[in-house]
Amino acid sequence: MSPHAIIIDTDPGQDDAVAIMLALASPELNVLAVTAVAGNVPLHRTETNARMVVEASGRAEVPVYAGAVRPMLRELVTAEYVHGPTGIDGANLPEPTIELAEGHAVQAIIRHVQESPDPVTICPLGPLTNVALALLLDPSIAENIDQIVLMGGGYFEGGNVTPAAEFNIYVDPHAAHVVFTSGIDIVMLPLDVTHKALVTNTETKRFADIGNRCGAAVAGMIGFYARYDIEKLGSKGAPIHDPNVIAYLLKPELYAGRHCHVEIATDEGPSLGATLVDWWSVTGNEPNALVLHEVDSVGFFELLIDGISRLP
Ligand code: RIB
Ligand code: CA
């Protein structure tokens, strides 16, 4: 079976970095492009971080593009308080020597989807600005996108940036509305599932013990990044959200969920950026997303360790 064509849209972010590494380590996936978007940190950092991670993974041939510098309508909100000033504090990776690929990420998404002989899966790991703009600029690309598998949202778990909203959706709720009303099959990995696979010191040590550069980088990034959630949640571990998107593509059997209608709250106010998941089908609206809720956390971590072990 030919490798699954994907585009990763990302705002590295330590957890994005681990997701990118897992994807680049997996022969089952053909990463057509990595497109950076402003989110966890400003664009000049997310695009640099993306290049650092692609290069450290030994995959310098994968093009990295810079995309939207801010959300469609709202001002950019960043999360250095979680990720540190660089966005991937703890990675201890060298600055990139590979250049940015020519052209804007939005046009790159359109071109790579149009040129792909096989349907493409879009994997957003950050705010949905680039993906929404691509769909608005050329709606016909939906014909060659088989699914959008995204990390974002929260329902029973609520939000992590306001009580109602998860960061990726909150930063650009209007872009999320465009994506969730696009008619493209969506698989949504919200906080409700990512909070069920917490990384603890045990897993962090296992990454360090792999003995390669990427294992050390993952251990360093998780060690830095997890401190925020462990202190905030008072739990023994922290979620690493974004790698769940890639793990789902590699082993969907690790996850379970339900097809639901999801609406994005875009009005200013306390609910802005909420993902209104109709879990009990009370609206009668047609489902527009497979909303994942359960994960085999042991299987997830084994997949992650195995993938990172294959990198330089
Ligand atoms: O809320 C978690 C999400 O927001 C993750 O994708 C993290 O990297 C940030 O982008
Ligand atoms: Ca992210």
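For ligands, and for the atoms within them, numbers begin at 1 and follow the listed sequence.
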Exercise. Between Thr86 and Asp89, is there a donor-acceptor pair closer than 3.5 Å when you use the side chain of the first and the backbone of the second?
Worked result: yes
Exercise. Could Glu203 and Lys205 be called an ion pair, given the rule that one side-chain N must be under 4.0 Å from one carboxylate O?
Worked result: no
Problem set entry | atom 5 (C) of ligand 1: nearest protein contact (heavy atom, Å) | Asp15 OD2, 3.2 Å
Exercise. When you look for heavy atoms under 4.0 Å from ligand 1, do you find them on the side chain of Asp11, its backbone, both, or neither?
Worked result: side chain
Problem set entry | Metal-centred angle, the Ca ion (ligand 2) as apex - OD2 of Asp242, O of Leu125, 10° resolution | 90°
Seminar exercise, completed: Smallest heavy-atom separation, Thr129 atom then Ala68 atom, equals CG2-CB, 3.5 Å
Problem set entry | Backbone of Ser116 reached by a side-chain donor or acceptor of Asn144 within 3.5 Å | yes
Seminar exercise, completed: Atoms of ligand 1 under 4.0 Å from any heavy atom of Asn160, numbered from 1 in the order shown, are 1 (O), 2 (C)
Exercise. Counting from 1, what ligand 1 atoms have a heavy atom of Met151 closer than 4.0 Å?
Worked result: 2 (C), 3 (C), 5 (C), 6 (O)
Exercise. Numbering the atoms of ligand 1 from 1, which are under 4.0 Å from a heavy atom of Phe167?
Worked result: 1 (O), 4 (O), 9 (C), 10 (O)
Exercise. Is there any N or O on His83 that sits under 3.5 Å from an N or O of ligand 1?
Worked result: no
Exercise. Hey, is ligand 1 close enough to Leu125 that some N/O pair sits below 3.5 Å?
Worked result: yes
Problem set entry | Sub-3.5 Å N/O-N/O distance, His241 and ligand 1 | no
Exercise. To which protein heavy atom is atom 10 (O) of ligand 1 closest, and what is the distance rounded to 0.1 Å?
Worked result: Asn168 OD1, 2.7 Å
For this session: Note the single closest protein heavy atom to atom 6 (O) of ligand 1, along with its residue, its atom name and the distance in Å.
Result: Asp242 OD1, 2.6 Å
For this session: Measure the distance from atom 9 (C) of ligand 1 to every protein heavy atom, then report the residue, atom name and distance (to 0.1 Å) of the closest one.
Result: Asn40 OD1, 3.1 Å
Problem set entry | is_close_aromatic(His112, Tyr65), centroid dist under 6.0 Å | yes
For this session: Return the orientation label for the Trp279 and His293 ring planes: parallel under 30°, perpendicular over 60°, tilted otherwise.
Result: tilted
Exercise. By number and element, which atoms of ligand 1 are closer than 4.0 Å to a non-hydrogen atom of Asp16?
Worked result: 8 (O)
Exercise. Is Arg227 positioned over the aromatic face of Tyr225, cation under 6.0 angstrom from the ring centre and no more than 45 degrees off axis?
Worked result: no
Problem set entry | Angle in degrees, rounded to 10°, that OD1 of Asp11 and OD1 of Asp16 form at the Ca ion (ligand 2) | 90°
Exercise. With the threshold set at 4.0 Å, does a side-chain nitrogen-carboxylate oxygen contact exist between Arg206 and Glu302?
Worked result: yes
Exercise. Between the main-chain N or O of Gly67 and the side-chain N or O of Asn130, is there a donor-acceptor pair closer than 3.5 Å?
Worked result: no
Problem set entry | Distance from atom 1 (O) of ligand 1 to nearest protein heavy atom, with residue and atom | Glu166 OE2, 2.6 Å
Exercise. Do NZ/NE/NH1/NH2 and the carboxylate oxygens of Arg51 and Glu47 come within less than 4.0 Å?
Worked result: yes
